[in-house]
J.: 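Quick one: this structure, given as structure tokens, is what I'll be asking you about.
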Amino acid sequence: MKINRESIHFPSANLLVWYDQEKRDLPWRKTSDPYRIWISEIILQQTRVDQGLPYYHRFLSKFKTVFDLAKATEDEVLKTWEGLGYYSRARNLHFTAKYVVSELNGLFPRDYEGLLALKGVGPYTAAAIGSIAYGLPTAVVDGNVYRVLARFFGIQTSIDETPTQKQIAGLAQEILDKGRPADFNQAVMELGATICTPTGPNCGNCPLRGGCVAVQTNNQACLPIRSKKIKVRTRYFYYLVLFYKGETQVRRRPAGDIWQGLYEFPLIESDASLSDEEILIACNLNSDDVVKSVSDEYVHILSHQRIIARFILVERKKLKNSNYITSAVNKLSSFAFPRLINRYLEKQNFVID
DNA sequence: CATTCGTGGCT
DNA sequence: TAGCCAAGAAT
């Protein structure tokens, strides 16, 4: 079945009526302050509303203006971001705040190109800030847009391929309601998040169902088409929990790898599983170190990585490696992998004061 | 252009 | 449950 996409009418009016009635009550929809819009868009990159919402409140209560953010230290920013992931977003946020204050007098660029030039702001975020804060007629293209438009227009090529991505971006710009770009952009995303969901879309309540090719051909479950598979890398982490005079030793993770600059217990990393004996040899402990326990495996699944961690609890009699920082965990800046670390610490009944 | 960068929720 | 996915950007 061949479909002439030029002949398909996209019912923008239906979508906007639906959005006006059904949109969620979200804090960044009550402001046109570009600073707040910017913060919300960075937080929401690859992040669900439910997950990002508490961080939005925390971040803005701590850094109320771009000047406050520019004045903060990077450690303060990272600590506020702790647990949200993709930490380069936080570093870029801080960098851009300093840039906007020092070079732009604290005023955000008002056009798409200027926004796009900001570190951490790509095509999606520039279009989002431009339309939401300034009413610019620039269509956003995100995962929701790919899904909603691939279904509505019945696009049978993979959204992982550049030509399809360009096609959808072009369609999004064509159908954009130039009178209400902010609402239209958010309406498509809202529809993708609440009705036109990846699995089990609620087509019966969809304002686009009348013209949707996927509905007409009962193809919702097959669209959009993806061609790339996620490959998972397995890594073995052997954390050394070195107690010295009641405190633990930590270090910062190096640049060029996951969680760069965040704090963690010193660790031995391996691509293969190590035996208990191999672990102790690799730890390079000496007679001043008393091994109290070696934990079972903690398996932690990330999107692209499977981390298998074990903890080696050591009572240290002498301070050996001065590169490590001796401190209680929560006095530090953002800690890498907090969820797994806390699972271990809680099981050991360690109190983090 | 392919890969990397987190975390959490869902099926 | 193991994979998939989310208001993407940088390299």
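The figures here come from the full heavy-atom set of this structure, side chains too, leaving out hydrogens, waters and symmetry mates. Bear in mind that the values here come from a model prediction, so they are computed numbers and not experimental data. Just so we're on the same page: letters track the sequence lines, and every chain starts at 1.
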J.: Any donor-acceptor pair under 3.5 Å linking the side-chain atoms of A:Thr194 with those of A:Arg24?
T.: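 Per modelled atom types, A:Arg24 and A:Thr194 side chains form no pair under 3.5 Å.
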
J.: State whether A:Lys228 places a side-chain N or O below 4.0 Å from either non-bridging phosphate oxygen (OP1 or OP2) of B:dA2.
T.: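 A:Lys228 to B:dA2 OP1/OP2: side-chain N or O found under 4.0 Å.
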
J.: Nearest heavy atom decides the nucleotide; on that basis, is A:Val121 or A:Gly192 closer to the 5' end of DNA chain C?
T.: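 Checking each residue's closest nucleotide, the 5'-ward one belongs to A:Gly192.
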
J.: What does the list of N/O pairs under 3.5 Å between the protein and nucleotides 8-11 of chain B look like, with a distance for each?
T.:
unit_1	atom_1	unit_2	atom_2	d
B:dG8	OP2	A:Arg339	NE	2.5
B:dG8	OP2	A:Arg339	NH1	3.2
B:dG8	OP2	A:Arg339	NH2	3.3
B:dG8	O6	A:Ser303	OG	3.4
B:dG8	N2	A:Arg48	NH2	3.0

J.: Determine the contact category for A:Gln305: base if any of its heavy atoms lies under 4.0 Å from a base atom, sugar-phosphate if only primed atoms, P, OP1 or OP2 are that close, otherwise nothing.
T.: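 Counting heavy atoms under 4.0 Å across all strands, the contact made by A:Gln305 is with sugar-phosphate only.
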
J.: We want to know whether A:Gln249 and A:Arg316 form a side-chain donor-acceptor pair, criterion being a heavy-atom distance below 3.5 angstrom.
T.: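 Looking only at side-chain atoms, A:Arg316 and A:Gln249 do form a donor-acceptor pair, the distance falling under 3.5 Å.
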
J.: For the residue pair A:Tyr298 and A:Phe311, is the inter-centroid distance of their aromatic rings smaller than 6.0 Å?
T.: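 Yes - the distance between ring centres of A:Tyr298 and A:Phe311 falls below the 6.0 Å cut-off.
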
J.: For A:Arg151 and A:Leu223, indicate whether the former's side chain and the latter's backbone hold a donor-acceptor pair under 3.5 Å.
T.: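 Side chain of A:Arg151 to backbone of A:Leu223: a pair is present.
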
J.: Under 4.0 Å between a side-chain N/O of A:Thr125 and OP1 or OP2 of C:dA9, yes or no?
T.: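 The answer is yes; a side-chain N or O of A:Thr125 sits under 4.0 Å from OP1 or OP2.
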
J.: Checking only heavy atoms, does the side chain of A:Tyr86 share a donor-acceptor pair with the base of B:dG6 at less than 3.5 Å?
T.: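 For A:Tyr86, whose side chain was compared with the base of B:dG6, there is a donor-acceptor pair (under 3.5 Å).
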
J.: Name the residue closer to the 5' end of DNA chain C, choosing between A:Glu41 and A:Lys229 according to the nucleotide with the nearest heavy atom.
T.: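 It is A:Lys229 whose nearest nucleotide is closer to the 5' end.
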
J.: With a non-hydrogen cut-off below 4.0 angstrom, is A:Asn185 in contact with a base, only sugar-phosphate, or nothing?
T.: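 No contact at all - A:Asn185 keeps every heavy atom at 4.0 Å or more from the nucleic acid.
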
J.: Check whether any side-chain nitrogen or oxygen of A:Arg147 sits under 4.0 Å from OP1 or OP2 of C:dC5, and answer yes or no.
T.: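 No, because none of the side-chain N or O atoms of A:Arg147 sits under 4.0 Å from OP1 or OP2 of C:dC5.
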
J.: Test your reading of the model: is there a side-chain donor-acceptor pair from A:Asp177 to the backbone of A:Ser12, 3.5 Å cut-off?
T.: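 The answer is no, because no donor-acceptor pair under 3.5 Å joins these two groups.
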
J.: Both A:Gln45 and A:Asp160 contact DNA chain B. Which one's nearest nucleotide lies toward the 5' end?
T.: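 By nearest-heavy-atom nucleotide position, the 5'-most residue is A:Asp160.
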
J.: For B:dC1, take OP1 and OP2 only and decide whether either is under 4.0 Å from a side-chain N or O of A:Thr162.
T.: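 Checking B:dC1 against A:Thr162, a side-chain N or O does come within under 4.0 Å of OP1 or OP2.
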
